[in-house]
Number of protein chains: 2
Amino acid sequence: MNKRSGINSKKRILDAALKVFSEYGYKGASMRMIASTARISIGGVYLYFANKEELYLTLIKERLDDFSAQVKTSISEIEDPVKAISSFIMMYLEYAKTHKELILTQGREHGFAFAIDIKREFFKEQRGIIEGIVARGIQSGVFTECNAKEVTKIIMGTMRGFILSIVVDPDNLFSPKECCRLMLGGLLKRTNRAEGEKVRR
Amino acid sequence: MNKRSGINSKKRILDAALKVFSEYGYKGASMRMIASTARISIGGVYLYFANKEELYLTLIKERLDDFSAQVKTSISEIEDPVKAISSFIMMYLEYAKTHKELILTQGREHGFAFAIDIKREFFKEQRGIIEGIVARGIQSGVFTECNAKEVTKIIMGTMRGFILSIVVDPDNLFSPKECCRLMLGGLLKRTNRAEGEKVRR
DNA sequence: TTAATTCCTGAACGTTTGTTCATATGAATG
DNA sequence: CATTCATATGAACAAACGTTCAGGAATTAA
């Protein structure tokens with residue numbers, strides 16, 4: 001494993017870091033674990049990343065940007081607020097399932113004010129997107145009159161809850177489809193039949 | 001600090017452990033930190049707990065039991081499913097706010113299959129309670145016909161999301177009241193006025 | 001072939017960790 | 001008073017940690 005292999009090394013390290021950080025958390029993951037998973041020496045890791053923190057931050061930033069881009073492209077052109085919200089929920093949960101619990105690694109360690117600026121930025125953006133959809137829905141009379149900001153926070157909360165559930169109670173994850181249904185239709189019975197049907201599809 | 005002080009020592013250690021584990025996570029918290037927070041020597045901690053893991057497990061179990069009892073007594077006699085669900089949500093979120101993010105400590109470390117049996121038991125019980133309420137609501141015609149199991153998972157997911165939000169984005173927590181509203185009423189507009197009002201209160 | 005460059009290795013260092021244990025202390029008992 | 005016993009201490013230890021660095025190996029350039 002020498003010379004030209006260096007082209008892949010950085011990527012291999014990042015892949016390994018994702019795996020190890022996800023499984024053991026920031027403190028629990030050791031640089032040696034990451035190195036051996038990436039099939040490189042400990043010293044080799046420090047060739048590409050100055051220290052553990054930089055490696056971790058690079059990883060988080062990479063993932064957040066990737067996710068952010070995916071959200072944008074997947075719902076930017078959807079006009080219908082109902083479809084837009086549904087799409088957001090579906091894609092968020094699908095992404096969370098695929099990329100498991102890296103997101104959870106954030107927050108926990110360091111007294112949880114770690115990559116706070118990067119995260120804040122990300123969350124703010126996400127909130128902006130949903131809030132826009134909700135506001136549009138209210139304005140067009142499709143959604144009930146409510147506090148768009150609060151509803152947005154609740155939706156984001158539920159998404160986060162899904163992520164936490166993956167880690168804590170993976171045998172009992174809720175279905176994205178049912179989640180859309182509940183968020184849109186609510187638990188209380190509707191007397192108007194047409195509405196009920198709209199929700200169901 | 002000698003002799004008779006031993007009466008309080010165990011409790012002091014547990015209090016300190018809660019504080020330190022919550023702030024630094026399992027791996028991040030050191031026995032020395034806990035000891036000094038409890039104003040006891042390192043050796044003193046090992047007088048009451050065989051090791052770090054036992055201390056942690058004791059703590060988790062204590063909290064889970066406490067929370068479990070509080071849930072039960074607060075909604076056991078409520079007949080109305082709407083009020084029962086609302087009570088559950090309100091009390092869950094209030095408890096989470098008070099006891100911050102100890103619950104988050106679970107899952108993350110140890111490759112996240114740690115106190116799995118204790119937790120599983122706890123979650124199962126919680127699910128059972130909510131599912132009962134939902135089923136009752138459906139049967140009595142107050143709730144829409146839906147998959148009670150799925151709805152239960154979504155509600156629990158949202159509760160967990162709140163917990164995660166406390167750690168990750170504490171400036172943007174949603175209000176418990178609004179959460180009840182959304183869960184019950186949904187986002188879609190209702191044509192029937194009476195229903196809408198029912199949700200609002 | 002030699003020199004320069006790039007990539008990589010792993011022993012070594014200083015810290016910090018969880019845990020142990022010989023020792024001390026002071027109230028309770030006789 | 002002396003003895004007993006629960007309670008508390010903190011130096012000591014091995015293990016693991018993040019990080020450094022002198023050196024080795026493979027490729028490219030001369």
Side-chain angles (χ1 to χ4, degrees), chain A residues 1-60 105-106 108-115, chain B residues 1-61 105-106 108-112 114-115:
Chain A
M1 189 90 40
N2 242 337
K3 197 71 194 237
R4 273 287 84 89
S5 61
I7 300 171
N8 313 317
S9 290
K10 189 161 185 175
K11 183 175 163 35
R12 280 215 323 284
I13 294 170
L14 280 169
D15 287 348
L18 175 61
K19 213 179 282 184
V20 178
F21 277 132
S22 294
E23 190 160 354
Y24 299 98
Y26 182 80
K27 279 269 183 183
S30 81
M31 294 298 266
R32 282 170 180 79
M33 276 171 163
I34 294 170
S36 84
T37 303
R39 278 166 294 121
I40 202 174
S41 64
I42 322 139
V45 176
Y46 285 87
L47 232 56
Y48 298 93
F49 302 94
N51 49 45
K52 193 182 185 181
E53 185 168 321
E54 187 187 298
L55 170 56
Y56 180 70
L57 283 178
T58 306
L59 190 64
I60 293 289
T105 325
Q106 302 171 40
R108 175 71 274 116
E109 340 273 344
H110 290 92
F112 60 86
F114 191 25
Chain B
M1 190 90 38
N2 242 338
K3 193 73 193 231
R4 274 286 84 91
S5 60
I7 300 171
N8 313 318
S9 290
K10 189 162 185 174
K11 183 176 162 35
R12 279 214 324 284
I13 294 170
L14 280 170
D15 287 347
L18 175 60
K19 213 180 283 184
V20 178
F21 278 133
S22 294
E23 190 160 352
Y24 298 98
Y26 182 80
K27 280 270 182 182
S30 81
M31 295 297 267
R32 281 169 182 80
M33 277 170 163
I34 295 170
S36 85
T37 303
R39 279 167 293 121
I40 202 174
S41 64
I42 324 139
V45 177
Y46 284 87
L47 231 57
Y48 297 93
F49 302 94
N51 49 45
K52 192 181 184 180
E53 185 168 321
E54 187 187 299
L55 171 55
Y56 180 71
L57 284 177
T58 306
L59 189 65
I60 293 289
K61 199 163 174 0
T105 326
Q106 304 171 38
R108 175 72 273 115
E109 340 272 344
H110 290 93
F112 61 87
F114 191 27

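Residue numbering restarts at 1 for every chain, and letters A, B, ... go by the order of the sequence lines.
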Expressed as a whole number of angstroms, how long is the span from [X]:[atom1] to [N]:[atom2]?
{"X": "B:Lys10", "N": "D:dA8", "atom1": "NZ", "atom2": "C1'", "result": "16 Å"}
{"X": "A:Ile40", "N": "C:dG10", "atom1": "CD1", "atom2": "C1'", "result": "13 Å"}
{"X": "B:Leu47", "N": "D:dG10", "atom1": "CG", "atom2": "P", "result": "14 Å"}
{"X": "A:Asn8", "N": "C:dC8", "atom1": "CG", "atom2": "C1'", "result": "14 Å"}
{"X": "B:Tyr48", "N": "D:dA6", "atom1": "OH", "atom2": "P", "result": "12 Å"}
{"X": "A:Ile34", "N": "D:dC17", "atom1": "CD1", "atom2": "P", "result": "11 Å"}
{"X": "B:Glu53", "N": "C:dT19", "atom1": "CD", "atom2": "C1'", "result": "14 Å"}
{"X": "B:Ile13", "N": "D:dT9", "atom1": "CD1", "atom2": "P", "result": "10 Å"}

Original post:
Can you name the residues that form a side chain to side chain donor-acceptor pair (under 3.5 Å) with B:Asn51, not counting sequence neighbours?
Top reply: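 Expected list: none.
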
Original post:
Between the side chain of A:Lys19 and the main-chain N/O of A:Ala38, is any donor-acceptor distance below 3.5 Å?
Top reply: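 Absent.
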
Original post:
Quick one: on DNA chain D, does B:Gly44 or A:Asn51 contact a more 5' nucleotide (nearest heavy atom)?
Top reply: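 Here B:Gly44 is the residue nearer the 5' end.
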
Original post:
Which of the following nucleotides, C:dT9, C:dT19, D:dG18, is nearest to the side chain of A:Tyr46?
Top reply: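 Of C:dT9, C:dT19, D:dG18, D:dG18 is nearest to the side chain of A:Tyr46.
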
What closest approach, in Å, do [X] and [Y] show between heavy atoms, and which atom pair accounts for it?
{"X": "A:Phe21", "Y": "A:Ala29", "value": "CD2-CB, 3.6 Å"}
{"X": "B:Ser22", "Y": "B:Leu18", "value": "OG-O, 2.6 Å"}
{"X": "B:Lys52", "Y": "B:Tyr26", "value": "NZ-O, 2.7 Å"}

Name all residues meeting the side chain to side chain contact (heavy atoms under 4.5 Å, CB included) criterion together with [X]; count only those two or more places apart in sequence or in a different chain, and write none if there are none.
{"X": "B:Ser36", "value": "none"}
{"X": "B:Ser41", "value": "none"}
{"X": "B:Tyr46", "value": "B:Met31, B:Ile42"}
{"X": "A:Lys11", "value": "A:Asp15"}

Original post:
Within less than 4.0 Å of OP1 or OP2 of D:dA8, is there a side-chain N or O belonging to B:Ser9?
Top reply: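 Yes, B:Ser9 has a side-chain N/O under 4.0 Å of OP1/OP2 on D:dA8.
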
**OP:** Map every base of DNA chain C to its dot-bracket character, where paired means a Watson-Crick or G-U wobble contact with both distances under 3.5 Å and | marks a partner outside the strand.
**Re:** ||||||||||||||||||||||||||||||

**OP:** Could you encode protein contacts along nucleotides 11-17 of chain C as a string, one character per nucleotide from 5' to 3', using B for base contact, S for sugar-phosphate-only contact and - for no contact, with a heavy-atom cut-off of under 4.0 Å?
**Re:** -B----B

